[in-house]
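Sequence lines set the chain letters: A, B, ... in the order given, protein chains first and strands last, and positions in each chain run from 1. These values consider heavy atoms only, across backbone and side chains, with no hydrogens, waters or symmetry-generated copies.
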Protein chains: 2
Amino acid sequence: MATGRSHRPATRSRGIPEATVARLPLYLRALTALSERSVPTVSSEELAAAAGVNSAKLRKDFSYLGSYGTRGVGYDVEYLVYQISRELGLTQDWPVVIVGIGNLGAALANYGGFASRGFRVAALLDADTALAGKLVAGLPVRHIDELETIVADSQVSIGVIATPAGAAQEVTDRLVAAGVTSILNFAPTVLSVPDGVDVRKVDLSIELQILAFHEQRKAGDEDRQEPDGDVPAVMPA
Amino acid sequence: MATGRSHRPATRSRGIPEATVARLPLYLRALTALSERSVPTVSSEELAAAAGVNSAKLRKDFSYLGSYGTRGVGYDVEYLVYQISRELGLTQDWPVVIVGIGNLGAALANYGGFASRGFRVAALLDADTALAGKLVAGLPVRHIDELETIVADSQVSIGVIATPAGAAQEVTDRLVAAGVTSILNFAPTVLSVPDGVDVRKVDLSIELQILAFHEQRKAGDEDRQEPDGDVPAVMPA
DNA sequence: TAGATTGTTAATCGATTAACAATC
DNA sequence: TAGATTGTTAATCGATTAACAATC
């Protein structure tokens, strides 16, 4: 979660809360849909509904970006799309490499939402020499040994890891050494990285376990009269 | 996020914080690794390091589960594995259906972490009749029209959506109508569900955008002298 | 007993939300 | 002007963290 040094000039008080940053893409998606339907303006209430949050939260979030709305009217859709895109850094091009072109890596390479938002797949890398040259999503798979060259040549700063867990740390180390400073990790491992490198993790198994927890509670509430709270099968009463 | 009614008997004060629930799978994974190496006990400090959190947080988290440690000694690995598994509901079997067997759906079907934690793929479903019968991860793809029967027959309460965004809401409605009460959504859409149904969302595009935001800030700190803060290309100076 | 480490307290921090004055 | 809706305040809630007494 290190965000680098924070010696911001008081341009206009920086520091957008993480929770807000995480919701900006949600707003952007809803706004893009409105834009495609040529809707000119939208109220916080409507937009919040489309994004699945409450409107007070949305207005608070937007207040960190500036005053981009008009009281009594709402927000100009196009203008807000631009402002949020700019704030998120999507007005520039972000070359990414995907490492590990198994089922998941291929799925990611084919994912449409990539290109549409300033992200460009600079290369697909895999350790399996048998894969080299094979086309996935129109791009040739290249060997992992080309990692350093590609990251340097294409100025890649974002890496996506879709390797097995066992390979993830080594790949991370190589990416970081080559100059990558943001990593999206799909491998089920905790990665260690130096300060200044951001890691985000996507973990199917964790999400399912969280669902199971809540699911179990629902079952406990209804079926049986609660499968016995805290006391495990170890103790007498 | 609805967790159903909460008329808990004061068994021993329920209500594990969401943030804690979300970390239990992390601890469990670290503990499982220790268990495989036959490590008998572990301190909060060691386990926290392995899970990538700080030890105060870990001890606080565990305190919600009960007093499963021994002062001066640490935690018994096997016992803790069992307690956390039980708390998460992983001591029972959870049949899940995966809907949408494209690249991503296939990747999910092949994902090993599934079976290892009480999750069992009850069926793979797709709307494409051409896919029907094809084996993916050893299971035949079945037509989406079998959804209702399968959910009922296999007592499926968890559904995984890996369809295109356009199909996700309809699939959700059918899953919910058929009795599914937990949904893991990989489609980039906000789903609406009735109370009592939990939805968790995994969104590649959102994760990348969050990384881009931080990446942009790093670049702004070092390269240029900050790409001009708030004032867009619209205004003069 | 001395050393180690848990479980809990209390302080702090960050996020959410309702309410409403400002203002289009 | 009257109605609508933003932007902001302030209260509340939940999560994090350091510190340490309890206790093995």
Side-chain angles (χ1 to χ4, degrees), chain A residues 1-3 6 12-24 26-27 30-31 34 39-77 79-80 83-84 87 210 213-214 230, chain B residues 1-3 6 12-24 26-27 30-31 34 39-77 79-80 83-84 87 210 213-214 230:
Chain A
M1 294 283 140
T3 314
S6 21
R12 195 179 302 174
S13 94
R14 257 321 144 104
I16 301 180
E18 265 306 306
T20 296
V21 172
R23 280 187 296 264
L24 292 181
L26 239 53
Y27 301 143
L31 285 162
L34 292 171
V39 176
T41 61
V42 66
S43 70
S44 62
E45 201 68 57
E46 291 165 325
L47 184 54
V53 305
N54 90 32
S55 68
K57 193 186 292 186
L58 177 143
R59 288 198 302 278
K60 183 77 170 153
D61 284 340
F62 285 0
S63 76
Y64 293 111
L65 308 183
S67 286
Y68 294 148
T70 307
R71 289 169 204 240
V73 177
Y75 300 91
D76 182 282
V77 170
Y79 187 60
L80 202 47
Q83 291 299 343
I84 295 180
E87 195 65 55
I210 295 171
F213 172 83
H214 292 300
D230 279 54
Chain B
M1 295 281 141
T3 314
S6 22
R12 195 178 302 173
S13 91
R14 257 322 145 102
I16 301 179
E18 264 305 305
T20 296
V21 172
R23 281 188 295 266
L24 292 180
L26 238 51
Y27 302 142
L31 285 163
L34 292 171
V39 176
T41 61
V42 67
S43 71
S44 61
E45 201 68 58
E46 293 165 324
L47 184 54
V53 304
N54 91 31
S55 68
K57 194 186 291 189
L58 178 143
R59 289 198 300 279
K60 184 76 171 155
D61 284 342
F62 285 1
S63 77
Y64 293 111
L65 308 183
S67 286
Y68 295 147
T70 307
R71 289 166 204 240
V73 178
Y75 300 91
D76 181 282
V77 170
Y79 186 59
L80 202 46
Q83 290 299 344
I84 295 181
E87 194 66 54
I210 295 170
F213 172 82
H214 293 299
D230 280 53

Margin query: From CG of A:Leu24 over to P of C:dA15, roughly how many Å is that when rounded to an integer?
Written below: 13 Å

Notebook entry, point to check: Given that A:Thr20 and A:Val73 both sit by DNA chain C, which one's nearest nucleotide is further toward the 5' end?
Noted result: A:Thr20

Next item on the list: Compute the centroid of each ring, for B:Tyr79 and then for B:Tyr68, and state whether the two points are separated by less than 6.0 Å.
Entry: yes

Margin query: If the cut-off is 4.0 Å, is B:Arg71 near the phosphate of C:dT8, judged by side-chain N/O to OP1 or OP2?
Written below: no

Next item on the list: Please determine, for C:dA22, whether a Watson-Crick or G-U wobble partner exists with both distances under 3.5 Å, and give it or none.
Entry: D:dT5

Notebook entry, point to check: Rounded to whole angstrom units, what separation is found between the NZ atom of A:Lys60 and the P atom of C:dC20?
Noted result: 17 Å

Next item on the list: To the nearest Å, give me how far apart NZ (B:Lys57) and P (C:dA11) are.
Entry: 21 Å

Checklist line | Between C:dA15 (C1') and A:Asn54 (CG): distance, integer Å | finding: 12 Å

Margin query: Counting only side-chain nitrogens and oxygens, does A:Tyr68 get under 4.0 Å of the OP1 or OP2 atom of D:dT5?
Written below: no

Check: Base, sugar-phosphate alone, or nothing: which one does B:Ala19 contact when heavy atoms must sit under 4.0 Å apart?
Finding: sugar-phosphate

Notebook entry, point to check: Are A:Ser44 and D:dT5 close enough that a side-chain N or O sits under 4.0 Å from OP1 or OP2?
Noted result: no

Notebook entry, point to check: Taking OP1 and OP2 of D:dA22, is either one under 4.0 Å from a side-chain nitrogen or oxygen of B:Arg59?
Noted result: no

Next item on the list: For C:dA10, give its Watson-Crick or G-U wobble partner with both distances under 3.5 Å, or none.
Entry: D:dT17

Notebook entry, point to check: Which part of the nucleic acid does A:Tyr75 contact within heavy-atom distance under 4.0 Å: base, sugar-phosphate only, or nothing?
Noted result: sugar-phosphate

